[in-house]
Structure formats: C-alpha cells, structure tokens
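Encoded as structure tokens, the structure appears first; notes follow it.
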Amino acid sequence: MTGPARDGAWLADFGERLARAGFLVAGGFRPGPDDDVPALPDGAPAATVLVVGSLSNTLLPILKERAEWHDGAPDPLDRYTRAALTVLADGARLGVVFPFDGPPYSPFQRWALRTGGFSRSPMGVLADEPHGPWLGLRAAFLAREVLPVTGGGRDGPCPTCADTPCISACPAGALSSSGYDVPRCLSWLVANPSADCHRGCLARRACPFGRDHAQGYDEASFHMRSFLDAAF
C-alpha cells in the first residue's frame, strides 16, 4: 500500500482527527466469518474493524455549530455523523458502516462486545467501565490491513454490579434482570409527560460507572426526544 504505515502512531493520529469531529475509537477487532462484517467497497474483505462511538457532552456542542442542527430537517445527529465520518473514512482509505443504515442493520452491539470491555446492561445499551452507559455507537471503520488492535479478553462492568441500581431507579418498572421492556417504557413516558424521565433516563443516571460522562440535561433531553420521535 502507499502512504503511512498503519501502526500505533497512525492509529493515534487518526484518533485525534476523530476527536476533533466529536468521536472516539471505542475498540477494534479482527473479524471472523461469523461476525457479519461487510466487504469494503471494492469487494476486499475487512481485516480490522474499528468501532466508533461518541459521548453526548462532547459531540452535541460540535453538532450545534453545524448546518444539520439548524436546517430543520430530521435526524441531525445521524446526518452529521454520516457527513463527518464519511470524509474521514475517504481520507484514510477506510470503509465505513453506520448503525442507522438498513434494514438489514449491522450488529453493532455484537461488534462492540467483540472489542472487549463492554457488557450488556439491563437498559438495553452496552456499558463499559470508563464510560458506563453513556457511549453511543456511531459507526464502524473497515480496514483492509491488520491494525494494532485486539478484541476480546475483557469483561464489561455489568456482571460485577450486584446492586443493579439502574433497575430500581426506573419509575416505569421497565427494567429487570431479563432486560428492557421498551413498550412499557414508552407507555410510561406518554402517560407522564412531566416526568423527570423526559430530561434523561433515570436508570442511566443511577449507573455507578462512567458518571463523569453522564449527559447534561440538554443533551439527555435531545436524545429522549429522538427516542420518542423514532418510536412514534
């Protein structure tokens, strides 16, 4: 290949460019035949997958300066994500896949779990120890080269959480050890338009992990409105 070697220094530089756009590399793995990773645009198989995430308190201030936030069209976050990360992917000669492309939809949670350090939470989202449930999965970059990343080998934090404060904090009773009851959550939100839940999920705020990254109320309200808009 031409251009700089895809080594740790390249990965760090690419991470800095991602950060300026409001994103971060959540982890990477080398895909196998059971991972359902698509081919690159030229048909070549991906040798490495980089899972990309964002933290709302970092991303939303950047988004609010963009045309997508002000043009009145739907889905400003998804449109900004596609625009910003497609430019970065093209510049780095990477393929890119988004979780909102589909159906069929790519198995982003399964890919994140392959990177290691994540666990499934009762809230339906993944959690890792540094970010708790606050890291949103935004894209995956596909590289034809083997990059210096390793997948697996670490468990996420949820299995170690004996108290499960997220479950007891949910006023809708939509969480249990069996998972997240989405219809029950939506019914509660519709029936209680003044509930604190509309300013952000109370179960997420009760999570003991990643509290330094908890969404501010403006960011949490934006995501809750997006959740309700998508549901109805």
So, does [X] use its side chain to make a donor-acceptor pair with the main chain of [Y] at under 3.5 Å?
X	Y	answer
His131	Gly136	no
Thr48	Leu147	yes
Asp181	Arg184	yes
Arg114	Arg110	no
Arg205	Gln215	yes
Arg120	Gly156	no
Thr115	Ala112	yes
Glu219	Leu55	no
Ser56	Leu60	no
Arg199	Asp218	no

Of the non-hydrogen atoms in [X] and [Y], which two are nearest, and what is the gap between them?
X	Y	result
Pro122	Ser176	CB-O, 3.8 Å
Val96	Ala139	CG2-CB, 4.2 Å
Leu88	Arg17	CD2-CB, 4.0 Å
Glu129	Phe209	O-CB, 4.0 Å
Pro76	Ala73	CD-O, 4.1 Å
Pro31	Ala47	CD-O, 3.4 Å

Ser54 and Arg138 side chains, donor-acceptor separation under 3.5 Å: yes
Going by heavy atoms in the side chains, are [X] and [Y] under 4.5 Å from each other?
X	Y	answer
Leu59	Phe23	yes
Leu94	Arg6	yes
Phe98	Thr86	yes
Met123	Leu175	yes
Val97	Pro38	yes
Phe227	Leu189	yes
Glu68	Arg82	no
Val49	Leu142	yes

More than 12 heavy atoms of other groups within 6.0 Å of Asp155 CG: no
Atom CG of Asp163: over 12 foreign heavy atoms under 6.0 Å: no
Whether Trp111 and Phe108 hold their rings parallel, tilted or perpendicular, with breakpoints at 30° and 60°: tilted
Positive for side-chain contact (heavy atoms from CB on, under 4.5 Å) with Leu24, one of Leu18, Leu135, Val52: Leu135
ring-ring contact (aromatic ring centres under 6.0 Å, His included): pairs with one or both residues in residues 132-191, sequence neighbours excluded: Phe14-Phe141
